[in-house]
Amino acid sequence: MVGPVTTTQQDYPVLWPVPTRWADNDHYGHVNNVTYYSYFDTAVNAWLMEATGTDIRELPAIGVVATTSCRYHGSLSFPDQLRVGLRITRLGRSSITYDLAIFRVVGGGAAGRSEGEELELAATGTFVHVYVDNESRKSVEIPTIIRAAAAALVVDPE
């Protein structure tokens with residue numbers, strides 16, 4: 001795990017709720033490292049579906065993951081409640097770079113986002129979606145409906 005980080009929940013325009021599951025814990029009693037990537041994937045795609053009001057799987061172009069990374073800052077374990085921070089540092093012609101953070105709820109309301117919640121940073125990462133034609137898998141421009149939603153999360157890279 002990495003030392004102190006200055007990333008806070010205020011750095012992210014969206015904090016998407018994701019619960020841990022019983023099956024997320026490994027033999028050592030904490031959430032297995034690969035599961036953090038699942039939390040990133042779930043938060044990004046669920047947010048896209050809500051923000052666009054459409055089932056993104058049915059668009060003629062889909063976002064495939066080209067790059068992903070994760071740095072671990074703290075341990076998680078079932079039944080922790082999580083918030084995945086979402087922001088976009090690059091909105092290109094055919095790709096979107098998400099900057100992500102996983103926070104564990106340590107105080108305040110556990111169901112849904114609450115203004116009084118206290119969150120503890122557990123991981124930070126990146127996630128790059130490259131948009132491709134749903135059939136040919138050739139690179140295409142980001143669909144207009146996705147670009148419009150994504151524009152709301154764009155921040156200046158640090």
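Counting begins at 1 with the first residue of the sequence.
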### Task
With the side chain counted from C-beta on, respond yes when T124 and H73 share a heavy-atom pair under 4.5 Å apart, and no when they do not.
yes

### Query
Can you check whether Y98 reaches V128 side chain to side chain, under 4.5 Å on heavy atoms?
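Side chain of Y98 against side chain of V128, heavy atoms only: no contact under 4.5 Å found.
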
Between [X] and [Y], is there a donor-acceptor pair closer than 3.5 Å when you use the side chain of the first and the backbone of the second?
| X | Y | value |
| --- | --- | --- |
| R83 | V18 | no |
| D11 | T8 | yes |
| S77 | G29 | yes |

#### Entry: Minimal non-hydrogen separation, F103 against Q9, with atom names
CZ-N, 3.6 Å

### Query
Looking only at heavy atoms, which two atoms of A61 and V140 are closest? And how far apart?
CB-CG2, 3.5 Å

Mind checking the [atom1]-[atom2] spacing from [X] to [Y]? Nearest 0.5 Å is all I need.
| X | Y | atom1 | atom2 | answer |
| --- | --- | --- | --- | --- |
| I96 | Y131 | CD1 | OH | 4.0 Å |
| L76 | Y36 | CG | OH | 3.5 Å |
| F127 | Y37 | CZ | OH | 11.0 Å |
| I102 | L15 | CD1 | CG | 12.0 Å |
| L59 | I146 | CG | CD1 | 5.5 Å |
| L91 | I88 | CG | CD1 | 6.0 Å |

### Message
H129 vs S95, test: side chain to side chain donor-acceptor pair (under 3.5 Å). Steps then yes/no.
### Response
CA-CA 5 Å; H129 263 162; S95 67; over 6 Å; no

### Message
Are more than 12 heavy atoms, taken from residues, nucleotides or ligands other than Q10, located less than 6.0 Å from that residue's CD atom?
### Response
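Count over threshold, so yes.
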
### Message
Apply side chain to side chain donor-acceptor pair (under 3.5 Å) to residues S69 and T126 and explain how you reach the verdict.
### Response
CA-CA 5 Å; S69 69; T126 58; 2.7 Å; yes

Under a single-linkage definition using a 4.5 Å side-chain heavy-atom cutoff for Ile, Leu, Val, Met, Phe, Trp and Tyr, are [X] and [Y] assigned to the same hydrophobic cluster?
| X | Y | answer |
| --- | --- | --- |
| V64 | F40 | no |
| I56 | V84 | yes |
| V154 | V14 | yes |
| I62 | L48 | no |
| L100 | W47 | yes |

### Message
If the condition is salt bridge (Lys or Arg N to Asp or Glu O under 4.0 Å), which residues does R147 pass it with, not counting sequence neighbours?
### Response
none

Those residues that, when tested against [X], pass side chain to side chain contact (heavy atoms under 4.5 Å, CB included) (two or more places apart):
| X | value |
| --- | --- |
| T20 | D24, V31, Y39, F78, D80, L82 |
| E120 | R104, V106 |
| S136 | D133, K138 |
| S94 | S139 |

### CA sep, side-chain torsions, deciding dist, call: V155, Y12, side chain to side chain contact (heavy atoms under 4.5 Å, CB included)
CA-CA 9 Å; V155 298; Y12 298 87; over 6 Å; no

### R57: side chain to side chain donor-acceptor pair (under 3.5 Å) partners, not counting sequence neighbours
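With sequence neighbours excluded, R57 shows a side chain to side chain donor-acceptor pair (under 3.5 Å) to D55, given in chain and number order.
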
